[in-house]
*Asks:* 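The structure's right below; bear with me while I get my questions together.
This structure is a prediction, so every number in the text was calculated from the model and none was measured.
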Amino acid sequence: MGEELKVIVFALGTEEYGIQVEQVRTIERMLPMTRVPKTPAFIKGVVNLRGVVTPVIDLRSRFGLPESEYTDATRIVVVKVNDMEVGFIVDSANDVTSVNEDNITDPPEIVGGIKAKYLRGIARISEEKLLVLLNLEEVLNKKEIIQLEQFEG
């Protein structure tokens, strides 16, 4: 029997994704952002979270998905990757679920328009429900991390 992973479930459009609980710092409502010049379009800006300047990335934009209006359900999921905190804008953050490692398979080349390199795998939650697990290290690849580190307070 594989190990149980706890994951935070969030939505982008109709797809549900998961990030391991250990990597999630906090989930916030949308906050006012300060735009930073000369950054890629998917970097929406920085927010001040309890005195820490945190870069914020729109995950839809990062994955090349069509952008949508922010709503009351829109959240910023603040994650910690390689000693750096980054916020991801998601359509909604729903709940925490457990995933058995045995139920995780390698991702196909593309899932919902997202390249496999951004994905850790696909987890089967139930007969009809699949959860796409993100590979955060790749979502924030090295070149982009270097760009983001310039904004760390």
*Asks:* How far apart are the closest heavy atoms of Ala93 and Val77, and which atoms are they?
*Replies:* CB-CG2, 4.4 Å

*Asks:* Group every Ile, Leu, Val, Met, Phe, Trp and Tyr by side-chain heavy-atom contacts under 4.5 Å, then state whether Val90 and Val81 land in the same group.
*Replies:* yes

*Asks:* What I'd like to find out is whether the side chain of Val9 reaches to under 4.5 Å of the side chain of Leu131, using heavy atoms alone.
*Replies:* yes

*Asks:* Calculate, to the nearest 0.5 Å, the distance between atoms NZ and CG belonging to Lys44 and Leu59 respectively.
*Replies:*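 Output value for this atom pair is 11.5 Å.
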
*Asks:* Atom CZ of Arg60 and atom CG of Asp91: how far apart are they, to the nearest 0.5 Å?
*Replies:* 4.0 Å

*Asks:* Look at the aromatic rings of Tyr17 and Phe63 and report parallel, tilted or perpendicular, splitting at 30° and 60°.
*Replies:*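 Because their plane-to-plane angle lies in the 30° to 60° range, the rings of Tyr17 and Phe63 count as tilted.
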
*Asks:* Enter the distance from Glu22:CD to Lys80:NZ here, rounded to the nearest 0.5 Å.
*Replies:*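 Result: 14.0 Å between the selected atoms.
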
*Asks:* OG1 of Thr97 to CG of Leu5: how many Å apart, nearest 0.5 Å?
*Replies:* 10.5 Å

*Asks:* Specify the closest pair of heavy atoms between Val99 and Ala123, including all atoms of both residues, with the distance to one decimal.
*Replies:* CG1-CB, 3.4 Å

*Asks:* Side chains of Glu28 and Arg75: does their closest heavy-atom pair fall under 4.5 Å?
*Replies:*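 Sidechains of Arg75 and Glu28: no contact.
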
*Asks:* Is there a path of hydrophobic side-chain contacts, each under 4.5 Å between heavy atoms, that joins Val132 and Leu65?
*Replies:* yes

*Asks:* Under 4.5 Å between any side-chain heavy atoms of Phe88 and Leu12, yes or no?
*Replies:* no

*Asks:* Evaluate the side-chain contact (heavy atoms from CB on, under 4.5 Å) criterion for residues Ile43 and Val36: first the C-alpha distance (whole Å), next the side-chain angles of each, then the deciding distance (0.1 Å), finally the verdict.
*Replies:* CA-CA 8 Å; Ile43 299 175; Val36 180; 5.7 Å; no

*Asks:* Under 4.5 Å between side-chain heavy atoms, counting indirect links through other Ile/Leu/Val/Met/Phe/Trp/Tyr residues: same cluster for Ile8 and Ile57 or not?
*Replies:*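 They do share one cluster, since a chain of ILVMFWY contacts under 4.5 Å joins Ile8 to Ile57.
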
*Asks:* Would you say Leu49 and Leu31 make side-chain contact, with heavy atoms under 4.5 Å?
*Replies:* yes

*Asks:* side-chain contact (heavy atoms from CB on, under 4.5 Å) for Phe10 and Ile27? Distances and angles first, verdict last.
*Replies:* CA-CA 10 Å; Phe10 67 90; Ile27 298 173; over 6 Å; no

*Asks:* Report the C-alpha separation of Arg124 and Thr105 in whole Å, then their side-chain angles, then the decisive distance to 0.1 Å, and conclude whether the side-chain contact (heavy atoms from CB on, under 4.5 Å) test is met.
*Replies:* CA-CA 8 Å; Arg124 179 174 293 284; Thr105 58; over 6 Å; no

*Asks:* What do you reckon, is CZ of Arg35 surrounded by more than 12 foreign heavy atoms closer than 6.0 Å?
*Replies:* yes

*Asks:* Do Leu133 and Val96 share a hydrophobic cluster (ILVMFWY, side-chain heavy atoms under 4.5 Å, transitive)?
*Replies:*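 No.
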
*Asks:* Please check this pair: side chain of Ser92 against backbone of Asn94, looking for a donor-acceptor N/O pair closer than 3.5 Å.
*Replies:* no

*Asks:* Between Arg120 and Glu101, does at least one N-O distance fall below 4.0 Å, as a salt bridge requires?
*Replies:*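 Salt bridge: yes.
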
*Asks:* Answer whether the closest heavy-atom distance between the side chains of Ile89 and Ile76 falls below 4.5 Å.
*Replies:*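 Ile89 reaches Ile76 side chain to side chain.
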
*Asks:* With a 4.5 Å limit on heavy-atom distance, are the side chains of Leu119 and Leu134 in contact?
*Replies:* yes

*Asks:* If you round to the nearest 0.5 Å, how far is CD1 of Ile104 from CD of Glu3?
*Replies:*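 That separation rounds to 10.0 Å.
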
*Asks:* Would you give the length of the straight line joining atom CD of Glu16 to atom CG of Asp95, rounded to the nearest 0.5 angstrom?
*Replies:* 7.0 Å

*Asks:* If we only count heavy atoms from C-beta on, is the Thr26 to Arg50 side-chain gap below 4.5 Å?
*Replies:*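 With C-beta onward as the side chain, the pair touches.
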
